[in-house]
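Presented below is the structure to which this report refers.
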Amino acid sequence: MILDLLFPNRCIHCNRMIDAELLVCDLCFDQIHFTHYNYFENNPIREKCSLLFPVENTFALIQFEKENLSRKLIHELKYKGREKVGKILAEWTTEVVDFKNRKPDLLVSVPLHPKKLRERGYNQLHLFTETLSEFYRIPFDHQLIKRNHYSKAQALKDKKHRLETVNTFSLTQPVSGQHILLIDDVFTTGNTISSIAWEILNSGNNRVSVLVMAIDV
């Protein structure tokens, strides 16, 4: 209580004081551009993924546009040490995604290279994934996929280098007969997700769906 008085939580956009469990105030919340995609229906992510690998279902929560609040949320999560942003984005996701009786078998997030994990101190997808796992009662595996090479952040790469994902990932163990939901923060070209998806698809009789926090439009 004393800490709340001395260091009140503030909206990350306008700096108004807000409740401790919130990220933004009510006024700024209306500035977040949600996609309103349906997980089971056609959407821009499904269209892009289908050109790269066989995909079941797809979803993105928000639009990752230049100079908007949605982009700021992701940057706070990845580069400002605000890991709790992942939990709140997951809670927003649970309000709009209903797997009904077609839940995936396993949640798998895109891994960081160990060096990048040490630099950042956390994987920005883990709390997001774990929150979804608890809500939907779907197991997660943070160890199934391994990133083989250290690289700079996607946001700092030019388009040519973003396409270079060959042999970037590998499975740490065989997996078969599973419907795996791949989780990432921002969907851009789709090449990162595609690289992981093919590792999973080539491992056995598996199916892949995709869920991301944001899509770069």
Side-chain angles (χ1 to χ4, degrees), residues 2-4 6-13 15 17-24 28 32 60-62 64 67-94 106-136 138-158 161-162 164-165 167-173 180-189 191-193 195-196 199 210-216:
I2 294 176
L3 288 178
D4 290 340
L6 294 176
F7 305 101
N9 189 38
R10 294 182 178 275
C11 173
I12 66 172
H13 192 52
N15 209 38
M17 287 190 295
I18 55 176
D19 291 343
E21 69 276 9
L22 300 179
L23 287 177
V24 296
C28 291
I32 299 173
L61 179 66
I62 56 180
F64 191 73
E67 306 302 327
N68 77 353
L69 180 52
S70 300
R71 180 180 288 256
K72 188 171 185 178
L73 288 170
I74 302 297
H75 280 204
E76 289 285 321
L77 170 63
K78 295 181 68 172
Y79 308 119
K80 302 294 185 180
R82 298 285 294 271
E83 189 177 8
K84 81 166 189 176
V85 173
K87 182 177 188 298
I88 294 175
L89 290 176
E91 290 170 350
W92 292 350
T93 299
T94 63
L106 185 67
L107 307 182
V108 174
S109 56
V110 174
L112 294 177
H113 187 273
K115 181 179 178 182
K116 179 64 67 64
L117 184 60
R118 289 193 298 270
E119 291 173 353
R120 185 168 295 168
Y122 60 93
N123 183 317
Q124 72 275 8
L125 298 174
H126 282 184
L127 187 55
F128 178 83
T129 301
E130 291 160 14
T131 303
L132 295 180
S133 172
E134 181 178 4
F135 180 85
Y136 292 116
I138 302 171
F140 65 87
D141 189 341
H142 292 325
Q143 310 303 322
L144 181 64
I145 304 295
K146 179 177 72 171
R147 186 182 288 266
N148 298 319
H149 308 293
Y150 175 82
S151 62
K152 60 185 177 181
Q154 286 283 90
L156 301 178
K157 296 180 183 180
D158 58 31
H161 288 95
R162 286 201 301 268
E164 296 174 354
T165 56
N167 299 323
T168 300
F169 303 96
S170 60
L171 294 182
T172 59
Q173 62 185 42
I180 294 178
L181 181 63
L182 289 181
I183 294 174
D184 202 0
D185 46 30
V186 181
F187 187 98
T188 51
T189 64
N191 287 281
T192 295
I193 287 288
S195 179
I196 297 174
E199 293 293 329
V210 174
L211 187 150
V212 297
M213 298 175 181
I215 179 171
D216 191 345

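All values reported here derive from a predicted model rather than from experimental measurement.
Side chain of T129 to backbone of L125: a donor-acceptor contact under 3.5 angstrom is found. Not one N or O on the side chain of S195 forms a donor-acceptor pair closer than 3.5 Å with the backbone of T192. Proximity of a side-chain donor or acceptor of D19 to a complementary backbone N or O of E21 within less than 3.5 Å is not detected. Between the side chain of T172 and the backbone N or O of Q143, at least one donor-acceptor pair lies under 3.5 Å. Although no hydrogens or angles enter the test, the distance criterion places no donor-acceptor pair under 3.5 Å between the side chain of D141 and the main chain of L106.
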- Task: Please assess Y136 against L181 for the test side chain to side chain contact (heavy atoms under 4.5 Å, CB included), listing each intermediate value before the final yes or no.
- Result: CA-CA 12 Å; Y136 292 116; L181 181 63; over 6 Å; no
- Step-by-step side chain to side chain contact (heavy atoms under 4.5 Å, CB included) determination, L89 to I74: CA-CA 9 Å; L89 290 176; I74 302 297; 4.0 Å; yes
- Item | From CA spacing to verdict: side chain to side chain contact (heavy atoms under 4.5 Å, CB included), I180, L144 | CA-CA 11 Å; I180 294 178; L144 181 64; 4.1 Å; yes
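The CG atom of N15 sits 5.0 Å away from the CZ atom of R10 when rounded to the nearest 0.5 Å.
Under the side-chain contact (heavy atoms from CB on, under 4.5 Å) rule, I196 has a single partner from L182, N191, L171, which is L182.
Partners of H126 by ring-ring contact (aromatic ring centres under 6.0 Å, His included), not counting sequence neighbours, listed by chain and number: H142. Applying the side chain to side chain contact (heavy atoms under 4.5 Å, CB included) rule to D216 yields the partners F64, R71, V186, T188; only residues at least two apart in sequence or on another chain are considered. Remark: R82 engages E76 in a salt bridge (charged side-chain N to carboxylate O under 4.0 Å, His left out) (not counting sequence neighbours). Residues passing the side-chain hydrogen bond (donor to acceptor under 3.5 Å, both in side chains) test with D185 are K78, Q124, sequence neighbours excluded. Residues passing the side-chain hydrogen bond (donor to acceptor under 3.5 Å, both in side chains) test with S170 are N148, sequence neighbours excluded. Applying the side chain to side chain contact (heavy atoms under 4.5 Å, CB included) test to L117 and every residue at least two apart in sequence or in another chain returns L112, N123.
Residues V110 and I193 meet the side-chain proximity criterion, which asks for heavy atoms closer than 4.5 Å. At a threshold of 4.5 Å between non-hydrogen side-chain atoms, the residues M213 and L77 count as touching. A heavy-atom distance below 4.5 Å is found between the side chains of L132 and L211.
Atom CD of E134 has 12 or fewer heavy atoms from other residues, nucleotides or ligands within 6.0 Å. Other residues, nucleotides and ligands contribute over 12 non-hydrogen atoms within 6.0 Å of the NZ atom of K84.
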